[in-house]
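The structure under discussion appears below in the form of structure tokens.
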Amino acid sequence: MMVDGTNVNGSSKEVSAEEDCGADESTDSRGNNNVKVMVRLKPIDAPEKQYNVAVVALDESTVEFPNNDTSPGSTNGVQGESPSRSFHFDYVFGTNSTQDDVYDFVAEEMLDQFFTGYNSTILAYGQTGSGKSYTMFGPIDNRGLIPRICHEIFERIGLLKSSADIEYVVSVSFLEIYLEKVYDLLGESINKSASPKKTSEKRTSLTIHESSTFGVYVQSATVISVSDGDELLHCIHLGESQRCKSSTDMNFESSRSHAIVKINLLKRDNLEGSIQKSDLFLVDLAGSEKVSKTNAVGATLEEAKKINLSLSSLGNVINALTQKDKKRTHIPYRDSQLTRLLRDSLGGNSKTTLILNCACDKSNEAETLTTLRFGSRAKQIENKAIVNRSDLFLKKKLERQIALLEKREQEYQNRITLLEHEVLALRANNIRAPSPDTEDIETENTKLKAQMDSLKSILSSGGSLEGEQHISTDDLLSKLMEKCELVVDLQARLDDQLDKETALKRMMDDLRLLEAQVIEKNHDLAEQLAILQLDNLNLTNENVTLSKDIATVHRILKTRAERIQVLESTVRELSDIRLGNESPLSAAFEAIKEVNEVPSALSPTSLGWWGVFGPSRRSSTGSLHSGGLAKIPSNEARRSRKAGFNLNVLKVSSSEEPETID
Ligand SMILES: Nc1ncnc2c1ncn2[C@@H]1O[C@H](COP(=O)(O)OP(=O)(O)OP(=O)(O)O)[C@@H](O)[C@H]1O
């Protein structure tokens, strides 16, 4: 873009004789895809400029500056350039290209990607008056990309919405960046009373936010859900009517703002359990302008300055993105509202197409050259577009269930370990380990009782324990009681633990069973799917065979019907010649009619002999063929031959198809 003659690189010197934009648009193995760049040359409208052309479309991908006049000062800002220079892009729309051509080439593919779940962007860039708004919006009688896209989106939905399980939701927002502030055109058009005649002071600007979850978004922007193409287009018209436009010397109706239409498509597949979400950005940038040419003054001059400034930022972002060592380069997205909003479209998650709108006449040569250089740079930007689809809910649900089961299993495992430790600790304290066998506990009890009894008897005999100090009877008894209580308590705890262990084991078994069932179910489903696919294949093959059979039957029937027609007409002719009604010919005619009417009811035995006349099939000897069957015994054949007809006789045997006798 030109800011007082400075180009996008901030320098005024370009030397290459040929600008080859290099990298092809394609998605590489890492999923990177280059920005697509196309050129649209605006037809020259003023007759006096027709013979003063600066740039031409050489072929479908090349524009060339023939630059015939190389004398210094002959060109506007590009003096001293080499005699000719060419630029290669993804496509070049010549001066006689139509809105249809542009739509077919740019939008169709973009919509395919949009419906697949890719964020997509179409940007129109170029100097003021070069045809950006014409390309994006177009006049009412020759609509541009945006109105056509509005209808196409819903036409596609109509075709794709095969079942009630698939839902599409389309919503739209429409923003403009005017004097470096973001405004909500849809919100303003709905709430017109807030700004009947727009002035910057009365308008409320919005803020751009960036988050790792939602990406770049504009807070409080009006988003309207629409249910058909007309509604969507109505929203676009509403927003457009609010857009800032002024008249300049270069364009009667010049856009003084960048317009950004954002269409969001949400596809919910309830069968698959998936959600797909994609954004389509349609951007009509304000045009770069040389104020010396537009003669902008006052507010229009201020607008021009801001427009050029934000386009400079756009150029800087593109330059940074196309630096060799991209990792180390800071990308100055935050330098302008435009680059902040277009962050994903330039170097991010989007499939992006840039349309360079160019004027062809000599008076705009310098601006056109700058535009093409801008496009050459932009073509090297690598985006990383991905399909924005959530994973299958069903799979997620199963994964969550499995994770839950694993967690619970782990918890149980921990508790078992804890209990085992407790048991070990109890054993370490010389307390007998719990045994599921109650006999052991009873034995223990018996032993203790025996000990108690022996102690009691010693006490009652007044003796003392050998090697032991004298202990009072009460003390001894209370110790024994304590020990008994301890044993009872231990027994209760052990019982409790055993119950818990049993319950845990049961739970573990249940979990394993559940897991096995889930795995088995998955296998079943996979098998069913394979069987269905096989069935489907078989059915398809059967269909093909049946179709062939039907075609053959049709052919046979057609031949038969034609043959019968010929025979009928021949018989009719002969009948006319014959006198009287009761002739063999009439009988034959009747027989043919029967054949015609109920072919399936033909009964060879009931027909016996029947004769029909048909086209001549004489043998080389000139005699009539008998085909190995009996000759016609009647005079009718002879008479017929005299009358100049050949007689075909069919004999039907009880077991054979009718045979023809000439
Ligand atoms: N391909 C074309 N065929 C016919 N007329 C065109 C074409 N492109 C542009 N025009 C006409 O040229 C004029 C300027 O076009 P337009 O307003 O689209 O330019 P612009 O690039 O959007 O300008 P600005 O940046 O000032 O808004 C309009 O009258 C438009 O109808």
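Just so you know, ligand 1 is whichever comes first in the structure, and atom 1 is the first atom listed for that ligand.
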(message) For atom 9 (C) of ligand 1, what's the nearest protein heavy-atom neighbour? Residue, atom name and distance, please.
(response) Gly131 CA, 3.5 Å

(request) Please indicate whether any nitrogen or oxygen in Gly129 is less than 3.5 Å from any nitrogen or oxygen in ligand 1. (result) yes

(request) Could you tell me if any non-hydrogen atom of Arg40 lies under 4.0 Å from any atom of ligand 1? (result) yes

(message) Once you measure the plane-to-plane angle for Tyr178 and Tyr183, does it fall in the parallel (<30°), tilted (30-60°) or perpendicular (>60°) bin?
(response) tilted

(message) Please list the nearest protein heavy atom to atom 17 (O) of ligand 1 with its residue and the distance rounded to 0.1 Å.
(response) Asn251 ND2, 3.1 Å

(request) For residues Gly375 and Leu356, report the shortest heavy-atom separation together with the two atoms involved. (result) CA-CD1, 3.6 Å

(message) Within ligand 1, which atoms have a heavy atom of Ser255 less than 4.0 Å away?
(response) 24 (P), 26 (O), 27 (O)

(request) Can you sort out which atoms of ligand 1 are near Gln127, meaning under 4.0 Å from one of its heavy atoms? (result) 21 (O)

(message) Between Glu210 and Arg340 (salt bridge meaning N to carboxylate O under 4.0 Å), is one present in this structure?
(response) yes

(message) I'd like to check which ligand 1 atoms, numbered from 1 as shown, lie under 4.0 Å from a non-hydrogen atom of Gly287.
(response) 25 (O)

(message) Would Leu41 count as a polar contact of ligand 1, with the cut-off being nitrogen or oxygen pairs under 3.5 Å?
(response) no

(message) Less than 4.0 Å is my threshold; does some heavy atom of Gly126 fall inside it relative to ligand 1?
(response) no

(message) With a 3.5 Å distance limit and no angle check, can you tell me whether Asn349 reaches the backbone of Ile386 through a side-chain donor-acceptor pair?
(response) yes

(message) Check this for me: does any side-chain nitrogen of one of Arg243 and Glu240 sit under 4.0 Å from a carboxylate oxygen of the other?
(response) no

(request) Could you tell me whether Lys245 approaches ligand 1 through its side chain, its backbone, both or neither, with non-hydrogen atoms closer than 4.0 Å? (result) neither

(message) Can you confirm whether His151 is buried at NE2, in the sense that more than 12 heavy atoms of other residues, nucleotides or ligands lie under 6.0 Å from that atom?
(response) yes

(message) I'd like to know if atom 29 (O) of ligand 1 has any protein heavy atom within a distance of less than 4.0 Å.
(response) no

(request) Check Leu282, Val261, Leu233 against Ile149 for a side chain to side chain contact (heavy atoms under 4.5 Å, CB included) and give me the one that passes. (result) Leu282

(request) Tell me which part of Lys132 gets within contact of ligand 1: side chain, backbone, both or neither, using heavy atoms under 4.0 Å. (result) both

(message) So for ligand 1, is Lys42 a polar contact partner (N or O within less than 3.5 Å, distance only)?
(response) yes

(message) If I compare all heavy atoms of Leu206 with all of Ala221, which pair ends up nearest, and what's the gap?
(response) CD1-CA, 3.8 Å

(message) Check this for me - ligand 1, Ala286, N or O atoms closer than 3.5 angstrom, yes or no?
(response) no

(request) Measure from atom 7 (C) of ligand 1 to every heavy atom in Phe137, Tyr134, Phe93, Tyr125 and give the option owning the shortest one. (result) Tyr134

(message) Under the side chain to side chain contact (heavy atoms under 4.5 Å, CB included) test against Ile263, which residue among Ile146, Asp279, Val172 passes?
(response) Val172

(message) Which residue is it: Asp284, Leu342, Leu175, Leu311? I am looking for the one with a side chain to side chain contact (heavy atoms under 4.5 Å, CB included) to His258.
(response) Leu311

(message) Please classify the Pro139 to ligand 1 contact at 4.0 Å (heavy-atom distances, strictly less than): side chain, backbone, both or neither.
(response) neither

